[in-house]
Amino acid sequence: MTDPHGFLRTARSPVPPRPADQRIGDWLEVHAGQALLPLVSAQANRCMDCGVPFCHNGCPLGNLIPEWNAYAAHGDWRAASDRLHATNNFPEFTGRLCPAPCEDACVLAINSDPVTIKNVEQTIADQAWEHGYAAPVPPSRPTGRTVAVIGSGPAGLAAAQQLTRAGHTVVVHERADRIGGLLRYGIPAFKMAKEHLDRRIAQMCDEGTVFRTEVDVGGRVDAADLRRRHDAVVVAVGAGERRELPVPGRGLHGIHQAMEYLTGANRVQEGDLAAAPISAEGRHVVIVGGGDTGSDCLGTALRQGARSVVQLDINPEPGPDRSDTEPWPVYPKVYRISHAHEEARDRDGGDPRIFAHATLHFAGDAAGRVRALHLTAVEPVTRRPLPGTDRVIEAGLVLLALGFSGPARSAALEEQLGLTRDARGTYARTPGFEALPPPAPDGGVPTPGRPDGVFVAGDAGRGQSLVVWAIAEGRSAAAAVDRYLTGSTSLLAPVRAHDHPMTA
């Protein structure tokens, strides 16, 4: 066990990133080359091994956090890896990308500083790879059943690995030229080096999972035919329908969706392009959207040599502490600083974000290029413009990071697999992840032809969410598929399709 007085003797100390002025000069991870082990073991020793560990509830995967904290505290990285991988297929992803709702649910967070769970998780995962504890786990015997997975993001990969290990023959179909979905082309290399993704994909290949790239299911490949050739299909295509900003001037040159921008920058790092097709170099950049994607754009723009960067957030600036409406152990809306925000502050001396403001319209020059953005302060609840608060900021590149409204529109895929959308724009499904057929035209009994054997996992059914939720959904969908194919399952199902994060 951990030191019962560790949380009293040792203060919280997250792993420090490399200096901001150093890391914006390269594309390496913010913690690249850091010596983590002594610090992380001491931090793991702060875990109180609670009788009721609420960190389990904060994490949709149900990670066994007190158990692997204890092993990490004593330097037993093999045992820690075993406990971590028991519930999480890809801890090297979540340890880098998840915002760690488990830390806000830590019992210490009631009146003190929580355990640095995310740092511990990343270190355990990295030690597992370094020392060979993450060896392939091929199935003991094949079941003779085949499963097609459409999409290779974290949900699709998690479902594929679980089903392969259960003995099914799994083929993952990816529309892009490389496996990984947003992990590949949406997440910048400074947040997660692609070697972690490549290493995990190689492990899955050794276990027997088959990967096929440049396969456009619902386009060049008929989804109905794919369903006929497999015993089950998992639809894990993500939520790629980007939200727009329908204001005057949107059609000016120099205004782009964030994913267009990030994909080009990532392709440069992959070696596909000599230069990014959309570059922030020497430009005044405005990012519209205050979420993680906007932060990724910010860090990318700084590394490309932007002249200035401003990030607009329509929400009011959060306070430093939990509000009464978001008590422990829920994940609260508090003022947070990403590594990219820290980099911008270090360079320009202030927070790059402008809170509680909305875009009114764009202005351009004679050549049709964007040159300015007109914005206004908004009322916090209704988001109505406040009179007399209009202002103009210079803009040579505008990036729209407004989130996603559901899976990318694909009438062919939906028709071929019998998928229907719910009121949120995501694919409708049962609590067991099975796809629901379209309703009857008169609103009565659903039409015949239920899409048996078709399952929906990840953001395609949940809507845009965290990587940890995507992995949890992939694992749960795999359990549902295994039960559908064999009548029972020993695979863990940490969430149901309609579960939500903890709220007050």
Side-chain angles (χ1 to χ4, degrees), residues 89-90 93 142-186 194 197-198 200-241 259 263 270 406-419 426-427 429 433-435 451-462 470-471 473-475 477-478 480-482 484-485:
N89 295 74
F90 315 124
F93 302 168
T143 64
R145 304 297 181 90
T146 64
V147 182
V149 176
I150 307 173
S152 67
L157 291 177
Q161 184 166 65
Q162 292 293 94
L163 289 166
T164 295
R165 291 177 172 179
H168 307 300
T169 299
V170 181
V171 183
V172 178
H173 302 80
E174 169 57 50
R175 182 172 55 184
D177 59 341
R178 289 187 179 89
I179 296 297
L182 288 185
L183 293 172
R184 174 72 65 184
Y185 291 129
K194 305 312 172 188
L197 179 57
D198 294 336
R200 188 61 78 170
I201 292 167
Q203 179 206 48
M204 293 177 65
C205 288
D206 290 341
E207 292 173 346
T209 302
V210 177
F211 292 99
R212 292 178 180 161
T213 57
E214 299 183 291
V215 178
D216 184 11
V217 179
R220 294 190 304 272
V221 175
D222 184 271
D225 180 61
L226 192 71
R227 173 65 189 93
R228 285 190 292 269
R229 292 187 284 110
H230 294 82
D231 296 301
V233 170
V234 177
V235 179
V237 295
E241 191 68 19
M259 278 303 151
T263 297
E270 291 279 5
R409 295 289 166 179
S410 175
L413 177 66
E414 294 162 25
E415 181 179 348
Q416 292 162 12
L417 289 181
L419 302 171
T426 55
Y427 290 144
R429 56 188 183 170
F433 297 89
E434 299 167 288
D452 285 330
V454 178
F455 297 79
V456 177
D459 290 2
R462 173 169 294 278
I471 296 171
E473 287 230 346
R475 289 174 66 89
V481 172
D482 189 41
Y484 169 80
L485 295 176

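What you see is a predicted model; the values in this text were computed from it and never measured. All values below were derived from every heavy atom in this structure, side-chain atoms included, with hydrogens, water molecules and symmetry-related copies excluded.
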Considering all heavy atoms, the nearest Gly151-Val172 contact: O-CG1, 3.8 Å
Separation between CG of Asp482 and CD of Gln162, rounded to the nearest 0.5 Å: 9.5 Å
Shortest non-hydrogen contact between Ala435 and Val456, atoms and distance: CB-CG2, 4.0 Å
Check: Gln161 side chain, Met204 main-chain N or O, donor-acceptor pair, under 3.5 Å: no
For Pro407 against Ala460, the heavy-atom pair lying closest together: CG-O, 3.4 Å
Close side-chain approach of Leu197 and Phe93, heavy atoms under 4.5 Å: yes
Selection residues 157-183 - residue pairs positive for salt bridge (charged side-chain N to carboxylate O under 4.0 Å, His left out), sequence neighbours left out: Arg165-Glu207, Asp177-Arg267, Arg178-Glu270, Arg178-Asp272
Considering all heavy atoms, the nearest Ala457-Val234 contact: CB-CG1, 4.1 Å
Results of side chain to side chain contact (heavy atoms under 4.5 Å, CB included) for Asp225 - residues two or more places apart only: Asp222, Arg228, Arg229
Any Leu226 side-chain heavy atom under 4.5 Å of His173 side chain: yes
Minimum heavy-atom distance between Ala223 and Val217, given as atom pair plus value: CB-CG1, 3.7 Å
pair Arg200-Asn89: side-chain heavy atoms closer than 4.5 Å: no
Nearest heavy atoms of Ala158 and Phe90, plus distance in Å: N-CE1, 3.5 Å
Close side-chain approach of Ile150 and Leu417, heavy atoms under 4.5 Å: yes
Side-chain donor or acceptor of Lys194 paired with backbone N/O of Leu183 under 3.5 Å: yes
Non-hydrogen side-chain atoms of Leu485 and Thr143 separated by less than 4.5 Å: no
Donor-acceptor contact below 3.5 Å, side chain Arg227 vs main chain Asp452: yes
Test item: Leu157 and Phe211 side chains (from C-beta on) under 4.5 Å apart, heavy atoms: yes
Interatomic distance, Phe455 atom CZ to Arg429 atom CZ [nearest 0.5 angstrom]: 12.0 Å
Main-chain N/O of Ile179 paired to Arg184 side chain as donor or acceptor, under 3.5 Å: yes
Audit row: Thr146, His230, side chain to side chain donor-acceptor pair (under 3.5 Å) steps and yes/no: CA-CA 5 Å; Thr146 64; His230 294 82; 4.8 Å; no
Within residues 208-217 or reaching into it, pairs that qualify as side-chain hydrogen bond (donor to acceptor under 3.5 Å, both in side chains) - sequence neighbours excluded: Thr164-Thr209
